[in-house]
Amino acid sequence: MWRVFTDRKFLRHAGLALLVAGLCVVAASILLSRLDLGTEALKLCLQISVAVAAGALFLAALFIRRIGGDRRQIAESELRFRRAMEDSAIGIVVVGLDGRIIETNPAFAAMLGYTSEEIEALTFFQITHPEDLHIGRETMDGMRAGTVNSFHFEKRYLRKDGTPVWAHLAGSVIRDENSGRPLYLVSQIEDIDARKQAEARVAEAETRWNFALAGAGQGVWDLDMRKGGTTYSSTWVKMLGYADGELDGDTDLWLTMIHPDDRETVAEADRSHLEGKTPFFEAEFRMRHKDGHWMWILDRGKAIERDEDGRLVRAIGSLTDITRRKEAEARLTVSAALLADEKERLRVTLQSIGDAVICTDAANRVTFMNPVAEKLTGVASGEALGKMLGHVYWAVDEETGHRIGVTRPAIGGQAPADQNSRAVLIRRDDTRCSIRQVVSPIINELNEFCGLVIVFQDFTDARALQRQLAHAAAHDALTGLANRSSFIRAMEELVGQARKDGTAGTTKSVGDTTKSTGGTTRLTRGTTKSTEGSVHQFMFIDLDHFKLVNDTGGHAAGDALLKRVAAAVRGVLGPEDIVARLGGDEFAVILKSGSAAGAKIAARSIIDAIGGLDFTWDGRPHVIGASIGLAAISANCGEADEIIARADAACYAAKAAGRGCVCVAPDGESRDDREEPPEPLAAAS
């Protein structure tokens, strides 16, 4: 009842009623005072007036008390509101209808880096991010239209330094109680910038994850029994030709899409994992695309939650499209089979060929030897594999004795096969074998050195035959001496060397020469004048009376005698001198000594040795002799054929002088035609 009497609206109406009643009483009192009423009537009017006045005073007192209480409540409410604003951890802002910031708390000012005084001098348009201004304007428009009484949304503010900050706004529109006209807005503003940045990072990570899954041909499945089925990532369903969500739901749908030949294997792997036999589920199988073709899938998953009874609650896994890998594996399988066949054919070929083959790796370790290589090297394949090549194969040059290097080619350089036809293989027991080898480097498609292939043959017989052929080509078949062609080559080399050295060893003989006049050869004697300095001496030998042996004993007797003559000439001379049979009964000698006197002595010794041969054929003795022409080999002696011609002429002069003697040819320099040829030297016949 007291609340009714103290109600502000009741007091207002009651006060107005008492005021009207009092006025009526006053008016009645004035009117009655003019009327001539009795004392009782006046007394009654006076009592009524006093009662009305007392009631009015009482009501006025109550009204004043009520106003005072309301003011105290308003002051207390305002104090609590201000205390709440000051102490609030989130921003509180009062904004006018024109967007001006009427009042704010320190939390909001601090959030934007302002002081309260600075921010209250701005409008919310000035502190809102330009891209989010439309949100505030829409709220203002709705407030004026009466359609907005409260609001909450997210937008970006601008800090004092210009950087954006995300905030969540929740507020109300304050309206006039009587007219409903909007007065201002009160907003609570929470800083959610950290949350927004975290969401952005999560979104970015999720985007990268989705791109990674799509790029790797992977999808994700999530089996959650509480949600009623399995969900698949959009990347995966698109790979299978389906739309988002088209495969979600049925937990066994994926099994029906598996190739029948793979279904039992996959189901067994799934059961093993669900029963705890394997730490995770993994299987490769074929799955049908929506258009009907088959795709190879790698499925990996793991149960991450079970209920109290051990039943599966949730499992997560990934699906990878491995179709290309499987196709590549199939091609590799075919290639491997073909390669194995080719390798086997190559192995059989290498095992059966007549050439020896050794293969090494890049580090020069032996990786293969065929039986022929085992036989030639004397090392078994099992013992050689993995050993350095030098422990198995050691080849030297036949002429120099130096080891023939078998090394890797220079980096980036050409890598041709290295052939050598004069190699000698030295075995472990120090026996030797002439070989012909071909060393070929192995270079892969990246131009990297991978090893060597050494192919070699036993060339002993062929090398011996080559030596025999070379000897036959350079030696007389009957006597074993140098033949005419090899002798001429040797002489040309000596003549060239003499001319190159420039050693002018001239020997000028004025005597024992021959002249031809009118077809008659005349022997003249004169004086001999010599200058020592010749490099070598050439000797032309022609046998005397040899034709008689052929005529009486036959060619067999002649051949036997020629062998005896060759041995006799060779026995008189030194090992460095060159002896040759030029043909028939003609022989030639190159004395390495440059002494003319020594050459004459040697020539006389040859004549004596030939003349002293005790040759008998068919019981008949035969005596032969020799005539010799000498010519110097020096820097100014001319060409080889000129020297031979001079010596030949000297030999004929010796024969003309009676045979069995030595005649020295002139040295090749120009002479006076009137000079007489030298006299032949006497010798034993």
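Numbers for residues simply follow the sequence, beginning at 1.
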What closest approach, in Å, do [X] and [Y] show between heavy atoms, and which atom pair accounts for it?
X      : Y      : result
Val379 : Met369 : O-CE, 3.7 Å
Ile610 : Ala626 : CD1-CB, 3.7 Å
Ala603 : Ile628 : O-CD1, 3.4 Å
Leu591 : Val589 : CD2-CG1, 3.7 Å
Ile358 : Leu389 : CG2-CD1, 4.0 Å
Ala580 : Leu481 : CA-CB, 4.1 Å

So how far is it from [X] [atom1] to [Y] [atom2], rounded to the nearest 0.5 Å?
X      : Y      : atom1 : atom2 : answer
Leu630 : Lys600 : CG    : NZ    : 8.0 Å
Asp299 : Ser318 : CG    : OG    : 7.0 Å
Met287 : Leu319 : CE    : CG    : 6.5 Å
Trp617 : Thr552 : CH2   : OG1   : 11.0 Å
Met295 : Thr323 : CE    : OG1   : 4.5 Å
Asn370 : Lys375 : CG    : NZ    : 12.0 Å

Under the criterion salt bridge (charged side-chain N to carboxylate O under 4.0 Å, His left out), I'd like the reasoning laid out for Glu639 against Arg499: C-alpha separation, chi angles, the key distance, then a yes or no.
CA-CA 10 Å; Glu639 299 297 332; Arg499 187 179 294 112; 3.5 Å; yes
Looking at side-chain heavy atoms only, is the closest gap between [X] and [Y] below 4.5 Å?
X      : Y      : result
Asp361 : Val366 : no
Asp270 : Trp254 : yes
Phe546 : Asn550 : yes
Phe449 : Pro441 : yes

- Flag the pair Arg604 and Asp608 as a salt bridge only when some basic side-chain nitrogen lies within less than 4.0 angstrom of an acidic carboxylate oxygen.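 So Arg604 does not pair with Asp608 through a salt bridge.
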Query raised in the report: Do NZ/NE/NH1/NH2 and the carboxylate oxygens of Arg428 and Glu383 come within less than 4.0 Å?
Result: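 A salt bridge is present here (some side-chain N lies under 4.0 Å from a carboxylate O).
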**Pairs flagged by ring pair (Phe, Tyr, Trp, His ring centres under 6.0 Å) wherever residues 263-290 is involved - sequence neighbours left out** =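 Qualifying pairs: His289-His293.
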Run the salt bridge (charged side-chain N to carboxylate O under 4.0 Å, His left out) test against Asp262 and tell me which residues pass, sequence neighbours left out.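 In terms of salt bridge (charged side-chain N to carboxylate O under 4.0 Å, His left out), with neighbours along the sequence ignored, Asp262 is linked to Arg286.
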With sequence neighbours left out, what residues match Asp476 under salt bridge (charged side-chain N to carboxylate O under 4.0 Å, His left out)?
->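 Counting only residues at least two positions away or on another chain, Asp476 forms a salt bridge (charged side-chain N to carboxylate O under 4.0 Å, His left out) with Arg581.
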**Prompt:** Sequence neighbours excluded, which residues qualify as ring-ring contact (aromatic ring centres under 6.0 Å, His included) partners of His259?
**Reply:**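 With sequence neighbours excluded, His259 shows a ring-ring contact (aromatic ring centres under 6.0 Å, His included) to Trp294, given in chain and number order.
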Margin query: Both conditions, 6.0 Å and 45 degrees, for the charged tip of Arg325 above the ring of Trp296: are they met here?
Written below: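 So Arg325 doesn't make the cation-pi contact.
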Ring centroid separation Phe456 to Tyr393 under 6.0 Å: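 They qualify: ring centres under 6.0 Å apart.
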Checking Glu448 now: which residues fulfil side-chain hydrogen bond (donor to acceptor under 3.5 Å, both in side chains) with it, not counting sequence neighbours?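 Counting only residues at least two positions away or on another chain, Glu448 forms a side-chain hydrogen bond (donor to acceptor under 3.5 Å, both in side chains) with Asn444.
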For Asp648, give me all partners under side-chain hydrogen bond (donor to acceptor under 3.5 Å, both in side chains), at least two apart in sequence or on another chain.
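If we apply the side-chain hydrogen bond (donor to acceptor under 3.5 Å, both in side chains) test to Asp648, skipping adjacent residues, there are no hits.
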Could you tell me whether Arg300 atom CZ has more than 12 heavy atoms of other residues or ligands within 6.0 Å of it?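 Open.
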Enclosure of Asp291 CG (heavy-atom neighbours >12, cutoff 6.0 Å):
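Buried by this count: over 12 neighbours within 6.0 Å.
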Verdict with supporting geometry, Glu398 and Arg467, salt bridge (charged side-chain N to carboxylate O under 4.0 Å, His left out) = CA-CA 12 Å; Glu398 184 178 37; Arg467 284 193 288 266; 2.8 Å; yes
